[in-house]
Amino acid sequence: MYLVVRKDVPLGRGQAMGLAGAGAVRCADALATAPAWADAFGAWAPRPRKVALRASEEELTALAGALDGIVVDDVLLCLPPRRRSASEAELAALRPYTDPPRGPAPPAAADGPLPLLRYVVPAGVLRTTGKAMAQAGHAALECAQELGASAPEAFSAWRAVGCPGEVRSAADADWSRVRAHALDGAGVVVSDAGLTQVAPGTETVAAFPPSAQPPPQLQGLDVVP
């Protein structure tokens with residue numbers, strides 16, 4: 001799965017991860033059962049790799065017009081999985097997305113509390129925003145797939161407002177507590193395959209089902225802008 005990000009838009013890491021999670025879930029919702037993509041999603045599911053790429057506004061617009069995918073906030077284009085060897089020339093020409101311009105864009109105003117899928121990252125593990133986005137996409141999909149049936153109204157309300165998210169950071173002791181809460185059935189914990197940046201089996205992010213307020217176990221953790 002490809003996450004194509006506009007390279008000229010200032011994003012905080014939390015914003016970028018929220019965009020990636022929203023894009024991954026919305027892309028899978030829209031295209032995973034489509035005849036043109038069902039086989040690709042099926043082949044990808046056992047090892048759901050994601051790659052973040054950087055593009056200009058013009059490149060992103062052109063790709064969105066030419067390829068099946070989901071655009072999130074005019075900043076990110078999420079494309080369904082395909083083999084690298086089968087990537088379109090325009091996609092293959094893009095460079096990896098590592099870190100955005102400094103300074104997060106101001107958050108959009110909301111009429112009231114939104115249901116947010118909440119991500120928690122262990123402090124210091126994810127070195128680049130591109131890697132963090134890939135992990136958020138994985139976490140959002142896994143959370144929706146594994147816990148969606150147990151909280152259908154929450155996930156339905158979350159999807160209805162575009163699948164927004166919030167990211168929090170946890171130091172060692174807090175991460176152990178959050179991880180245990182997730183593994184007790186309240187969320188999911190993503191372990192990386194170790195192909196880039198981190199060792200195989202490294203836990204990179206936990207994700208918890210959407211809610212208007214963070215669960216008590218996450219309160220007090222720093223929000224990542």
Side-chain angles (χ1 to χ4, degrees), residues 1 3 12-26 28-29 45-50 104 107 110 112-194 197-225:
M1 180 176 278
L3 305 168
R13 182 165 293 189
Q15 285 180 299
M17 290 179 67
L19 287 170
V25 172
R26 289 167 59 181
D29 285 352
R47 296 184 63 195
R49 290 194 64 197
K50 297 170 190 66
L114 292 174
L116 303 177
L117 189 145
R118 286 182 166 83
Y119 308 85
V120 180
V121 294
V125 170
L126 296 172
R127 298 200 298 269
T128 69
T129 298
K131 179 70 171 180
M133 292 179 75
Q135 298 304 294
H138 189 158
L141 280 169
E142 189 172 330
C143 191
Q145 291 166 357
E146 293 196 8
L147 301 176
S150 64
E153 292 184 0
F155 277 95
S156 178
W158 174 67
R159 283 181 162 97
V161 293
C163 306
E166 175 190 78
V167 180
R168 297 188 176 220
S169 178
D172 291 347
D174 288 325
W175 172 251
S176 296
R177 173 175 54 80
V178 168
R179 174 186 182 277
H181 180 56
L183 293 177
D184 196 36
V188 299
V189 176
V190 172
S191 296
D192 193 73
Q197 297 190 21
V198 298
T202 300
E203 292 176 339
T204 55
V205 60
F208 297 87
S211 61
Q213 298 297 328
Q217 292 81 1
L218 275 59
Q219 294 177 10
L221 300 180
D222 290 338
V223 175
V224 181

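Just the heavy atoms: all of them, side chains too, but no hydrogens, waters or symmetry mates, feed the values below.
With contacts defined as side-chain heavy-atom distances shorter than 4.5 Å, the pair P122/T204 does not qualify. Using a 4.5 Å heavy-atom cutoff, the side chains of P210 and L116 are not in contact. A 4.5 Å side-chain heavy-atom check between L117 and C143 finds at least one atom pair inside the cut-off. No side-chain heavy atom of E166 sits less than 4.5 Å from a side-chain heavy atom of L218. Contact check for K50 versus H138: side-chain heavy atoms found under the 4.5 Å cut-off. Looking only at side-chain heavy atoms (C-beta outward), H181 and F208 come within less than 4.5 Å of each other.
Looking at Q197, its side chain never comes within 3.5 Å of a backbone N or O of K131 through a donor-acceptor pair. Of the possible polar contacts, one joining the R118 side chain to the S211 backbone as a donor-acceptor pair under 3.5 Å is found. The closest donor-acceptor contact from the side chain of Q15 to the backbone of G12 lies under 3.5 Å. Counting only distance, with no hydrogens or angles, the side chain of W175 and the backbone of A123 share no donor-acceptor pair below 3.5 Å.
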Would L126 and R13 count as a side-chain contact (heavy atoms from CB on, under 4.5 Å) here? Give the steps. CA-CA 10 Å; L126 296 172; R13 182 165 293 189; 4.1 Å; yes
Might you work through the side-chain contact (heavy atoms from CB on, under 4.5 Å) test for V205 and V188, ending with a clear yes or no? CA-CA 8 Å; V205 60; V188 299; over 6 Å; no
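Closest of all the heavy-atom pairs between P115 and W158 is O-CD1, 3.3 Å. Of all non-hydrogen atoms in A20 and A136, the two that sit nearest each other are CB-CB, 4.5 Å. Between V25 and C163 the shortest heavy-atom distance is CG1-SG, 4.2 Å. Between A182 and V189, the shortest heavy-atom contact is CB-CG2, 3.7 Å. Contact record, R159 with A144: NH2-CB, 3.9 Å, taken as the closest heavy-atom pair. Nearest approach of V198 to V125, heavy atoms of both residues: CG1-O, 3.8 Å.
More than 12 heavy atoms of other residues, nucleotides or ligands shown are found within 6.0 angstrom of CD on Q219.
Note that OG of S191 is 9.5 Å distant from CD of Q135, once rounded to the nearest 0.5 Å.
Annotation: salt bridge (Lys or Arg N to Asp or Glu O under 4.0 Å) contacts of E203 (sequence neighbours excluded): R179. For R177, the side chain to side chain donor-acceptor pair (under 3.5 Å) test picks out D174, with sequence neighbours left out.
Ion pair D222/R168 not flagged as a salt bridge, since none of the NZ, NE, NH1 or NH2 atoms sits closer than 4.0 Å to an Asp/Glu carboxylate oxygen.
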